[in-house]
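Reminder, nothing fancy here: chain letters follow the sequence lines and each chain counts from 1.
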Number of protein chains: 2
Amino acid sequence: MTEIQRPGALYQQVAAAIREAILSGEFAPASLLPSEAQLMARYQVSRPTVRNAIAALRAEGLIDVRHGKGSFVRSEPQPVVSLLGHVGRTPEAHFVLHGVATWEQAEEPSTYRTHATEATAHLLELEAEEALFGCDRLLTDPATGTRAMHRTLIPFATADAVPDLAEAPETKPATVYAMLAKAGHELWWSETVRARMPLPDERTALRLPDATPVLHLSRVTCGTDDTPLILEELRIGADRAELAYRITADKQPARRTRS
Amino acid sequence: MTEIQRPGALYQQVAAAIREAILSGEFAPASLLPSEAQLMARYQVSRPTVRNAIAALRAEGLIDVRHGKGSFVRSEPQPVVSLLGHVGRTPEAHFVLHGVATWEQAEEPSTYRTHATEATAHLLELEAEEALFGCDRLLTDPATGTRAMHRTLIPFATADAVPDLAEAPETKPATVYAMLAKAGHELWWSETVRARMPLPDERTALRLPDATPVLHLSRVTCGTDDTPLILEELRIGADRAELAYRITADKQPARRTRS
DNA sequence: GGACGTCACTTGTCCTTACGAGTTACGACT
DNA sequence: AGTCGTAACTCGTAAGGACAAGTGACGTCC
């Protein structure tokens with residue numbers, strides 16, 4: 001049995017003791033922690049207290065718990081997917097965007113019609129409620145099992161101007177870029193990044209473990225005259241992905257980021 | 001009293017019912033939810049079950065709970081800080097990086113000496129354990145109360161080559177860029193973005209509410225010959241910040257992102 | 001030998017009870 | 001009138017018990 005000290009609630013003291021044991025290396029990464037019963041004996045507390053402490057450590061992302069097996073120290077969350085943000089000058093380099101070149105589609109893409117929300121209307125410079133084509137994909141990296149949700153939103157105006165697009169709205173992003181370029185547009189992109197906790201459906205679709213945020217990218221592809229052409233969204237578990245951007249001090253397009 | 005349906009555990013059914021009520025607008029943003037006692041009566045379950053359901057909604061970031069007052073629907077997490085990643089051609093535009101121009105320092109910056117970890121050594125192309133100057137800042141946006149943690153790591157080699165730096169390692173990033181440029185470097189930056197749950201000390205330092213990830217930026221400033229000069233890290237609550245990048249298809253520096 | 005069932009272990013769920021602690025409003029006392 | 005204490009609400013913490021459900025190993029049965 002191990003004595004416990006001061007600060008705060010009992011379960012927090014237990015959580016702090018376990019956390020310290022993990023960080024000090026007493027419990028190695030991927031190793032099995034003592035069972036709830038053992039922790040009860042070790043710290044002389046009831047089972048709800050132990051479970052409360054464990055819940056706190058789960059919320060911090062320090063441990064993983066598996067029903068029927070036990071609690072495991074989570075190993076370092078090493079990102080395996082690197083999403084590049086700055087492209088080269090050749091058209092082929094566009095494929096690197098979002099790193100989707102090597103990915104497979106876990107399901108058939110689903111296409112639909114929808115309407116612009118306030119946020120999407122602002123990004124695409126549309127009226128609210130304006131009609132859009134939509135296409136959702138579930139992407140998989142077969143090597144690592146990493147999953148990502150990808151969505152393409154195409155305003156009717158863009159589809160009208162680029163007939164190829166209207167015929168096949170489920171086209172892959174890289175192909176979409178090529179179509180837009182073929183239609184005479186000189187492309188650039190405006191990308192915003194946010195992180196948040198996943199909604200329940202995202203948790204299941206992306207197979208996310210506990211306490212794992214999602215990275216949410218919104219990318220607007222703009223063409224000649226800085227016209228917003230399409231909007232893409234990518235959602236991916238932050239335990240597997242990191243973003244990489246190159247920033248150079250060269251000339252900057254005139255369009256503002258936000259009003 | 002409201003009847004509950006099938007799927008899964010009782011507390012999950014309760015959580016789903018409350019979540020649905022929130023998303024359907026029955027409980028408006030920032031409004032007070034029924035108390036635990038009322039929820040017990042409404043769904044005919046015990047208090048632990050209600051609390052378990054509430055804990056699930058907290059972990060999703062849907063609600064905020066305040067001791068002695070009640071549970072509140074969390075209002076839309078509108079980011080108030082926009083961190084720009086693509087700079088203009090004029091030197092002044094460098095100040096926009098990280099959006100720190102308008103920020104104040106909540107505490108005096110603390111400077112210290114440390115050693116390169118495996119990760120920082122890789123980013124700065126150093127040997128492991130190599131000595132570094134460090135400088136930590138706690139930044140505040142007085143208008144919104146948003147906080148951010150900023151760290152600058154300067155290898156000895158860079159400090160030797162730029163005497164201004166060695167004399168005042170606590171200099172602000174914008175000034176550091178100016179010093180490096182004055183020393184004859186043509187600067188560019190390599191930035192990687194990750195999101196994760198905050199450590200306990202980050203939670204308190206950044207005053208983060210429940211279920212709020214942190215955005216973790218690592219920015220390497222490179223100079224002539226693509227030499228890594230300094231490493232900056234910025235940590236900021238994802239409920240208040242979003243990143244914005246412009247991506248153009250112009251020429252790309254030769255340096256690789258990762259090995 | 002192989003398949004299957006059982007058992008001992010784990011965590012998950014759910015209940016009851018009790019008290020501590022923060023918040024607010026009302027009312028009595030000064 | 002102003003101040004302060006108390007009461008009645010809120011959520012937080014802690015204990016106890018009971019049973020369900022997933023896992024793996026061992027042993028029995030075919």
Side-chain angles (χ1 to χ4, degrees), chain A residues 1-18 27 30-59 61-74 200 203-204 207 209-211, chain B residues 1-18 27 30-74 200 203-204 209-211:
Chain A
M1 160 186 164
T2 304
E3 280 303 331
I4 304 185
Q5 312 304 331
R6 302 295 180 52
L10 233 193
Y11 80 93
Q12 288 173 341
Q13 300 173 30
V14 174
I18 300 176
F27 301 127
S31 72
L32 186 60
L33 257 70
S35 73
E36 294 180 358
Q38 291 169 327
L39 292 173
M40 289 168 65
R42 158 118 90 141
Y43 298 113
Q44 292 292 299
V45 295
S46 70
R47 185 157 175 240
T49 303
V50 166
R51 286 185 62 78
N52 214 341
I54 287 181
L57 298 174
R58 289 175 67 159
L62 256 182
I63 64 176
D64 268 324
V65 180
R66 273 179 288 186
H67 190 172
K69 303 193 71 170
S71 304
F72 299 82
V73 181
R74 190 178 283 187
R203 268 197 58 117
T204 60
R207 307 226 200 291
D210 282 337
Chain B
M1 165 188 158
T2 304
E3 278 306 329
I4 304 187
Q5 312 305 330
R6 292 302 175 59
L10 233 194
Y11 80 92
Q12 289 173 340
Q13 300 173 30
V14 174
I18 300 176
F27 301 126
S31 71
L32 187 60
L33 256 67
S35 72
E36 294 180 356
Q38 291 169 329
L39 292 174
M40 288 168 65
R42 161 118 90 138
Y43 298 113
Q44 292 291 300
V45 295
S46 71
R47 188 160 172 238
T49 302
V50 167
R51 285 185 61 79
N52 214 339
I54 287 181
L57 298 175
R58 289 175 67 160
E60 292 174 25
L62 256 183
I63 64 176
D64 268 324
V65 181
R66 273 177 288 185
H67 191 168
K69 304 193 71 170
S71 305
F72 299 82
V73 181
R74 190 178 283 188
R203 265 197 61 116
T204 63
D210 282 337

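Remark: B:Arg47, B:Arg51, B:Arg58 in residues 46-59 of chain B come within less than 4.0 Å of DNA chain D through at least one heavy atom.
Not counting sequence neighbours, the partners of B:Ser46 by the side-chain hydrogen bond (donor to acceptor under 3.5 Å, both in side chains) test are B:Thr49. Residues satisfying the salt bridge (Lys or Arg N to Asp or Glu O under 4.0 Å) criterion with A:Arg207, sequence neighbours excluded, are absent altogether.
A distance of 10.5 Å separates CD in B:Gln38 from CD in B:Glu36, rounded to the nearest 0.5 Å.
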Show the distances under 3.5 angstrom between N or O atoms of the protein and N or O atoms of nucleotides 7-10 of chain D.
residue: D:dT10; atom: OP1; partner: B:Ser35; partner atom: OG; Å: 3.1

Intermediate values then yes/no, side-chain contact (heavy atoms from CB on, under 4.5 Å), A:Ile18 and A:Leu57: CA-CA 9 Å; A:Ile18 300 176; A:Leu57 298 174; 3.5 Å; yes

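By the 4.5 Å heavy-atom criterion applied to side chains, B:Leu10 and B:Tyr43 are not counted as neighbours. Looking at A:Leu33 and A:Ile54, their side chains never come closer than 4.5 Å, going by heavy atoms from C-beta outward. You'll find the side chain of B:Asp210 stays beyond 4.5 Å of the side chain of B:Glu60, heavy atoms only. At least one side-chain heavy atom of A:Pro34 sits under 4.5 Å from a side-chain heavy atom of A:Phe27.
In 5' to 3' order, the nucleotides of DNA chain C bounding all contacts with chain A (an atom under 4.0 Å from a heavy atom) are C:dT10 to C:dT13.
Atoms CG (B:Leu10) and C1' (D:dA20) sit 13 Å apart, rounded to a whole Å.
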Anything under 3.5 Å between a donor and an acceptor, one on a side chain of residues 61-70 of chain B, the other on a protein residue two or more places apart or in another chain? List them.
residue: B:Asp64; atom: OD1; partner: B:Arg74; partner atom: NH2; Å: 3.0
residue: B:Asp64; atom: OD2; partner: B:Arg74; partner atom: NE; Å: 3.3

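Closest approach of A:Ala15 to A:Ala53, counting heavy atoms only: N-CB, 3.7 Å.
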